[in-house]
Amino acid sequence: RAVGRSLTFRVNGLRERDDFPVAVFGGPKRRDDISFYSTGFTYGIWKLTVGTDIGWYERTSTYFGDESSGIRWLLHLSFTL
């Protein structure tokens with residue numbers, strides 16, 4: 001029986017820039033640039049939804065050249081009453 005079941009494929013993209021109003025130790029104001037692109041799926045049955053995404057995360061910052069990047073895995077769990 002396929003009643004109440006659904007499979008959904010997902011493709012996501014996010015770019016964000018955070019500007020902070022405070023200078024970093026007398027230098028320029030802090031700014032973070034963030035991006036995350038992913039693909040995955042969700043599967044719903046009755047009132048439960050589960051899924052997963054895998055993607056590439058990247059963040060650069062003017063705060064001491066702080067950088068972070070790499071593959072990220074997300075797990076989705078949802079239950080509706």
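What you see is a predicted model, and the numbers here were worked out from it, not measured in a lab.
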What's the verdict on side-chain contact (heavy atoms from CB on, under 4.5 Å) for Arg59 and Ser69, showing C-alpha distance, side-chain angles and the deciding distance? CA-CA 6 Å; Arg59 181 179 64 82; Ser69 64; over 6 Å; no
Could you check Thr49 against His76 for side-chain contact (heavy atoms from CB on, under 4.5 Å), going step by step and ending with a plain yes or no? CA-CA 8 Å; Thr49 303; His76 304 274; over 6 Å; no
Determine, stepwise, if the pair Phe41 / Thr8 fulfils side-chain contact (heavy atoms from CB on, under 4.5 Å). CA-CA 5 Å; Phe41 71 92; Thr8 305; over 6 Å; no
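Heavy atoms only, all atoms of each residue included: Arg31 and Thr62 are closest at N-OG1, 2.8 Å. The two residues Lys29 and Pro21 come nearest to each other via the heavy atoms CE-O, 3.9 Å.
Between Ser61 and Arg30 the shortest side-chain heavy-atom distance falls below 4.5 Å. Side-chain contact between Trp73 and Thr52 is present, with heavy atoms from C-beta onward closer than 4.5 Å.
We find the OG-NZ distance between Ser78 and Lys47 to be 12.0 Å, quoted to the nearest 0.5 Å. Interatomic distance, Tyr37 OH to Glu58 CD, rounded to the nearest 0.5 Å: 9.5 Å. To the nearest 0.5 Å, atom CG of residue Asp53 and atom OG1 of residue Thr42 are 8.5 Å apart.
Dense packing is recorded around CZ of Phe79, with more than 12 heavy atoms of other residues, nucleotides or ligands lying under 6.0 Å away.
Ile54 and Trp56 fall within the same hydrophobic cluster, where Ile, Leu, Val, Met, Phe, Trp and Tyr residues are linked whenever their side-chain heavy atoms come under 4.5 Å apart, directly or through other members. Side-chain heavy atoms closer than 4.5 Å link hydrophobic residues (I, L, V, M, F, W, Y) into clusters, and following such links, even through other members, never connects Ile71 to Tyr57. In terms of hydrophobic clustering, with Ile, Leu, Val, Met, Phe, Trp and Tyr side chains grouped at heavy-atom distances under 4.5 Å, Leu74 and Ile34 are assigned to a common cluster. Residues Phe36 and Val11 do not share a hydrophobic cluster, defined by chaining ILVMFWY side chains whose heavy atoms lie under 4.5 Å apart.
A donor-acceptor pair under 3.5 Å is absent between the side-chain atoms of Thr39 and the main chain of Asn12, judged by distance alone.
Ion pairing between a basic and an acidic side chain is recognised when a charged N comes within 4.0 Å of a carboxylate O; Asp32 and Arg17 show no such pairing.
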